[in-house]
Amino acid sequence: DETDIVDLITRVCYFYPQYDLETAQELTNSQVTALLVQAEKQRAIDLYNHTLIAAAPHTKKGSLVDKLIKQYRKIFDS
């Protein structure tokens, strides 16, 4: 359906602003799918991390706060 295709292509443009509509229309179906799967995966990771951050102070003695700080510092320092 044409509406579904336009929806997918405009989602690619939303998540990847370097693609304008004309350029995104030149992508293959597998490229569009791969880009959207990766965007959704990264969004899920971000939401998961935000959830951990919100819950961290409420863990036993705030233990998750220290764990998250170490985890993010390790990523930052690498």
Side-chain angles (χ1 to χ4, degrees):
D1 177 56
E2 182 72 23
T3 305
D4 293 337
I5 294 169
V6 171
D7 180 60
L8 290 174
I9 292 171
T10 54
R11 286 176 60 207
V12 167
C13 295
Y14 173 79
F15 286 112
Y16 301 93
Q18 66 269 32
Y19 289 107
D20 61 20
L21 192 56
E22 185 177 311
T23 306
Q25 287 174 327
E26 295 174 8
L27 296 170
T28 65
N29 289 343
S30 60
Q31 289 171 321
V32 167
T33 300
L35 287 167
L36 292 178
V37 165
Q38 191 55 232
E40 290 171 2
K41 186 176 186 178
Q42 291 304 312
R43 176 100 169 111
I45 289 168
D46 288 343
L47 291 173
Y48 175 75
N49 284 326
H50 286 124
T51 302
L52 288 178
I53 291 166
H58 306 287
T59 57
K60 188 174 182 179
K61 296 184 181 180
S63 61
L64 186 54
V65 173
D66 292 332
K67 181 178 178 183
L68 288 173
I69 289 171
K70 288 175 186 172
Q71 175 184 332
Y72 291 131
R73 185 167 304 235
K74 182 178 176 182
I75 293 168
F76 177 77
D77 290 339
S78 63

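All figures in this text were calculated on a predicted structure; none of them were measured in a lab. The figures here come from the full heavy-atom set of this structure, side chains too, leaving out hydrogens, waters and symmetry mates.
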Engineer: Between Ala54 and Pro57, what is the shortest heavy-atom contact and its length?
Structural biologist: O-CD, 3.5 Å

Engineer: Output side-chain donor-acceptor pairs under 3.5 Å for residues 3-15, partner residues at least two apart or in another chain, one line each.
Structural biologist:
| residue | atom | partner | partner atom | Å |
| --- | --- | --- | --- | --- |
| Thr10 | OG1 | Val6 | O | 2.9 |
| Thr10 | OG1 | Asp7 | O | 3.0 |
| Arg11 | NH2 | Glu40 | OE2 | 2.1 |

Engineer: Can you give each donor-acceptor pair under 3.5 Å made by side-chain atoms of residues 61-78, sequence neighbours left out, with the distance rounded to 0.1 Å?
Structural biologist:
| residue | atom | partner | partner atom | Å |
| --- | --- | --- | --- | --- |
| Ser63 | OG | Lys60 | O | 3.3 |
| Tyr72 | OH | Asn49 | OD1 | 3.2 |
| Ser78 | OG | Ile75 | O | 2.8 |

Engineer: Side-chain donor-acceptor pairs under 3.5 Å in residues 17-26, sequence neighbours left out?
Structural biologist:
| residue | atom | partner | partner atom | Å |
| --- | --- | --- | --- | --- |
| Asp20 | OD1 | Glu22 | N | 3.3 |
| Asp20 | OD1 | Thr23 | N | 2.7 |
| Asp20 | OD1 | Thr23 | OG1 | 2.6 |

